[in-house]
Participant: 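Input: one structure, supplied below.
Proteins come first, then strands; the chains are lettered A, B, ... in the order of their sequence lines, and each starts at number 1.
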Amino acid sequence: MSTQTPSIQTPQAIRGTQDIFGPDAEAFAFVVETFERVRKLYRFRRVEMPVFEKTAVFSRSLGETTDVVSKEMYSFEDRGGESLTLRPEFTAGIARAYLTDGWQQYAPLKVATHGPLFRYERPQKGRYRQFHQIDAEVIGAAEPQADVELLVMADQLLKELGIADGVTLQLNTLGDGASRDAWRAALIDYFRAVKGELSEDSQDRLERNPLRILDSKDPRDKPFTADAPKIDDFLSAEAQDFFAKVTGGLDAAGVEWTRAPALVRGLDYYRHTAFEFVTDRLGAQGTVLGGGRYDGLMEALGGAATPAVGWAAGIERLAMLVGDQYPSTDTEVVVFTELTELENLAISVASAIRAGSPSELAVHADLLISGSPKKRYQKAKASGAWRALSIEGLGGVLGIARLRDLNVESASPVRSRIKAALETRFNIQETEVANAHTWVLVSKK
RNA sequence: GCGACCGUAGCUCAGCUGGUUAGAGCGCCGGUUUGUGGUACCGGAGGUCGGGGGUUCGAACCCCCUCGGUCGCCCCA
């Protein structure tokens, strides 16, 4: 406890940033670890990307006039006067690298990454200014099988995270460029005819982004969205065939999906497949994983036309769904001694069992050698550790290590693992006294 | 950018219609007690009541501004 009264003001954290700790941090780590494992199964190559780029990387790919560019990016000038932007997404930076680093030679290229992203938005449940995503992209593959590959991987990821229940895959196609333009024109005609009866927001959307009227939350719009023109009536034969191959592939892989004809993307470069894995357990932010095919993006960055498809998912949202259902991070053994003169022996024992023999069988151990020696047993018990290894004195030898149950919930076998680890450092004698396994630490090796 | 609610010890909160030195539980530190045992008792550290201004004899409590939090709208790459 600090008894000082500092005169300086502690700076506050930046709005919309989070200090993730405790169960939230464990769930977060579980999401990342599971993603890493699954992406390797699907042979996606890991990439590490810069956290900031020239502003043009994002403004060109997203479209100069969109809200997201004009008011939702963290942009600043560096000392040379160049406009830079903290990445608001992974896709544009990866697309830039594909063009500037010669990654075309690896096409079709499957890549995966994760890390922090930044968007200047008002924080709310599941939305932060610095947040984190996992991301997977397939670049240079025009075939619908790439979409399938990505979706099957996403489906497996959600299942392995144990959060697939209550999450549904909503799938749609936006068709090719011609299909999409025809549909868009039809939607504008349809909604313009009833413009006066739409919500103010949707009247505005009619000019800016008519597709978005379809997923309006305003009840005044619902009567009209139900009967709005459907993309299916405007799909070219090629677009229909593409979508059929995507759905056929999902069925073959056993991935459940729901057709969502109103599911659209906010940006113009999307083509064909659009999808979201959605839950109703996260308030207003129901999308846990979303993506689609963005065949128009590379050209927006000055590259050759290159088909690509990808998805991203918010780690915080996935972690919220995981809740406390992550693998145990409990302390298996807490090492302590109530005798100050044996503290170094306790340090030695703790390091031995943490190193393990072999190392895969190392023990998850905490070490308690601070504070009042007499209260260490109480603290050990209160720590929630399953078992304790108490270091006690005995004449003529270094001391003894006694294994005792504290809060045993699991039959996790630690005794043999501890014994093997101790034998790497000590000459020991094993005894058994009053339900407690006890090793006499005779001498150091 | 807009709206609603909220802001008292490290944490969870109490504090009556504004009224003397702002409280509890938990946690933390120390002591005594106990000595197969997370006990019991005693003591201690820790609060500019988010910040600023105003009304009042008097403000944690009323008013204004501001900062922050939560949730929603817009937007959603």
Participant: Figure out the CD/C1' separation between A:Gln378 and B:U36, and round it to whole Å.
Facilitator: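 Roughly 13 Å, once rounded to whole Å.
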
Participant: Quick check: on RNA chain B, is the nucleotide nearest A:Ala13 upstream (toward 5') of the one nearest A:Arg212, or the reverse? Name the residue that is more 5'.
Facilitator: A:Ala13

Participant: At 4.0 Å (heavy atoms only), tell me whether A:Arg376 reaches a base, stays on the sugar-phosphate, or touches nothing.
Facilitator: nothing

Participant: So what does A:Ser372 touch, heavy atoms closer than 4.0 Å: a base, only the sugar-phosphate, or nothing?
Facilitator: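 A:Ser372: backbone/sugar contact only, no base atoms under 4.0 Å.
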
Participant: B:G7 pairs with which nucleotide, Watson-Crick or G-U wobble, both distances below 3.5 Å?
Facilitator: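 Pairing partner, where one exists within any strand: B:C67.
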
Participant: May I ask you to say what A:Gly314 touches in the nucleic acid, namely base, sugar-phosphate or nothing, with a heavy-atom cut-off under 4.0 Å?
Facilitator: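 Result for A:Gly314 = nothing.
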
Participant: Looking at A:Tyr42, is its backbone amide N or carbonyl O close enough to the side chain of A:Lys110 to form a donor-acceptor pair, meaning the two atoms are under 3.5 Å apart?
Facilitator: yes

Participant: Can you check the distance between B:C61 and B:G19, where both ends of the measurement are the P atom (answer in whole Å)?
Facilitator: 11 Å

Participant: Indicate the ring-plane relationship of A:Phe76 and A:Phe52, choosing parallel, tilted or perpendicular according to the 30° and 60° boundaries.
Facilitator: parallel

Participant: Taking the P atom of each, how far is B:G38 from B:G72, in whole Å?
Facilitator: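 Looking at atom P only, B:G38 and B:G72 are 45 Å apart.
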
Participant: Among B:A77, B:C29, B:G72, which nucleotide sits nearest the side chain of A:Lys379?
Facilitator: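 From the listed options, B:C29 comes nearest.
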
Participant: Rounding to the closest angstrom, what is the interatomic distance between B:A14 and B:C49 at atom C1'?
Facilitator: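 The same atom, C1', in both gives a distance of 13 Å.
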
Participant: Grab the CZ-P distance between A:Arg129 and B:G69 for me, whole Å please.
Facilitator: 8 Å

Participant: Examine A:His114 together with A:Phe90 and report whether their ring centres are nearer than 6.0 Å.
Facilitator: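 Not close enough - the centres of the two rings lie 6.0 Å or further apart.
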
Participant: Does B:G35 have a Watson-Crick or wobble partner in any strand here, with both distances under 3.5 angstrom, and which is it?
Facilitator: none

Participant: I'd like to know if the side chain of A:Asn172 and the backbone of A:Pro261 have a donor-acceptor N/O pair within less than 3.5 Å.
Facilitator: yes

Participant: Please state how far atom CZ in A:Arg127 lies from atom P in B:G72, giving the value in whole angstrom units.
Facilitator: 10 Å

Participant: Answer yes or no: side-chain N or O of A:Arg122 and base N or O of B:C75 forming a donor-acceptor pair under 3.5 Å.
Facilitator: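 Answer is no: no donor-acceptor pair is held.
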
Participant: Distance check, P atoms only: B:C42 and B:A59, in whole angstrom units.
Facilitator: 36 Å

Participant: Select base, sugar-phosphate, or nothing to describe what A:Ala382 touches, counting heavy atoms under 4.0 Å on all strands.
Facilitator: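 Contact class for A:Ala382: base.
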
Participant: In whole angstrom, give the distance that lies between atom NZ of A:Lys375 and atom P of B:U34.
Facilitator: 15 Å

Participant: Using a heavy-atom cut-off of 4.0 Å across all strands, would you classify A:Arg87 as base, sugar-phosphate, or nothing?
Facilitator: nothing

Participant: Between A:Arg376 and A:Glu343, does at least one N-O distance fall below 4.0 Å, as a salt bridge requires?
Facilitator: yes

Participant: Can you check whether any acceptor in the base of B:G37 is under 3.5 Å from a donor in the side chain of A:Arg404, or vice versa?
Facilitator: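 Pair found.
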
Participant: Among B:C75, B:U70, B:C73, find the nucleotide with the atom closest to the side chain of A:Ala284.
Facilitator: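 Of the candidates, B:C73 comes closest.
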
Participant: For A:Arg402 and B:U36, is the shortest distance between a side-chain N/O and OP1 or OP2 below 4.0 Å?
Facilitator: no

Participant: Heavy atoms under 4.0 Å, any strand shown: does A:Asp204 hit a base, just sugar-phosphate, or nothing?
Facilitator: nothing

Participant: Looking at A:Arg87 and A:Glu53, does any basic side-chain N land under 4.0 Å from a carboxylate oxygen?
Facilitator: no

Participant: Can you tell me the Watson-Crick or wobble partner of B:G18, both distances under 3.5 angstrom?
Facilitator: none

Participant: Distance between the P atoms of B:G69 and B:G50, in whole angstroms?
Facilitator: 16 Å

Participant: Rounded to the nearest angstrom, tell me the gap between atom CZ in A:Arg281 and atom C1' in B:C71.
Facilitator: 19 Å

Participant: Can you tell which of B:C73, B:C75, B:G68 lies closest to the side chain of A:Gln12?
Facilitator: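 Nearest to the side chain of A:Gln12 among the choices is B:G68.
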
Participant: Name the nucleic acid region contacted by A:Gly283, choosing base, sugar-phosphate or nothing; use a 4.0 angstrom heavy-atom cut-off, strictly under.
Facilitator: sugar-phosphate

Participant: Which nucleotide, in any strand shown, forms a Watson-Crick or G-U wobble pair with B:A24, with both distances under 3.5 Å?
Facilitator: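 Checking every strand shown, B:A24 finds its partner in B:U12, with both distances under 3.5 Å.
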
Participant: If the threshold is 4.0 Å, N to carboxylate O, is there a salt bridge linking A:Asp176 and A:Arg180?
Facilitator: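 Salt bridge: no.
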
Participant: When only distance counts, do a donor and an acceptor, one from the side chain of A:Arg119 and one from the base of B:A77, lie under 3.5 Å apart?
Facilitator: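 Indeed there is one.
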
Participant: Should A:Lys217 be listed as having a side-chain N or O under 4.0 Å from OP1 or OP2 of B:C73?
Facilitator: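 Yes.
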
Participant: Just compare B:A77, B:C73, B:U70 and give me whichever is closest to any side-chain atom of A:Leu267.
Facilitator: B:A77

Participant: Kindly indicate whether the side chain of A:Tyr377 and the base of B:G37 share any N or O donor-acceptor pair separated by less than 3.5 Å?
Facilitator: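 Side chain to base: pair present.
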
Participant: To the nearest angstrom, how far is A:Glu338 atom CD from B:G35 atom P?
Facilitator: 13 Å

Participant: Choose from B:C75, B:C71, B:G31 the nucleotide whose nearest atom is closest to any side-chain atom of A:Lys125.
Facilitator: B:C71

Participant: Quote, to the nearest angstrom, the P distance that separates B:U56 from B:C67.
Facilitator: 27 Å

Participant: My understanding is that a pair needs two contacts under 3.5 Å, Watson-Crick or G-U wobble. By that rule, which nucleotide pairs with B:U48?
Facilitator: none

Participant: Between A:Phe118 and A:Arg15, which is nearer to the 5' end of RNA chain B once each is assigned its nearest nucleotide?
Facilitator: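 It is A:Arg15, whose closest nucleotide lies nearer the 5' terminus.
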
Participant: Between A:Phe118 and A:Arg129, is there a cation-pi geometry (under 6.0 Å to ring centre, at most 45° from the normal)?
Facilitator: no

Participant: Less than 4.0 angstrom from a charged side-chain N to a carboxylate O is my criterion; do A:Glu48 and A:Arg46 meet it?
Facilitator: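 Yes, this pair counts.
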
Participant: Taking CG from A:Asp218 and P from B:C2, how many angstroms apart are they, rounded to a whole number?
Facilitator: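 About 20 Å, once rounded to whole Å.
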
Participant: Mind checking the C1' distance from B:G51 to B:U34? Whole angstroms is fine.
Facilitator: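 After rounding to an integer number of Å, I get 49 Å for this pair.
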
Participant: Is A:Glu200 touching bases, backbone alone, or none of the nucleic acid, heavy atoms closer than 4.0 Å?
Facilitator: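 Result for A:Glu200 = nothing.
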
Participant: Distance between the C1' atoms of B:G18 and B:C26, in whole angstroms?
Facilitator: 31 Å

Participant: Rounded to the nearest angstrom, tell me the gap between atom CD in A:Glu137 and atom C1' in B:A77.
Facilitator: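 For the pair A:Glu137 CD and B:A77 C1', the rounded distance is 11 Å.
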
Participant: So what's B:G58 paired with, Watson-Crick or G-U wobble, going by both distances under 3.5 Å?
Facilitator: none

Participant: Does the structure show a Watson-Crick or G-U wobble partner for B:G43, both distances under 3.5 Å? Name it, or say none.
Facilitator: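 Result: B:C29.
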
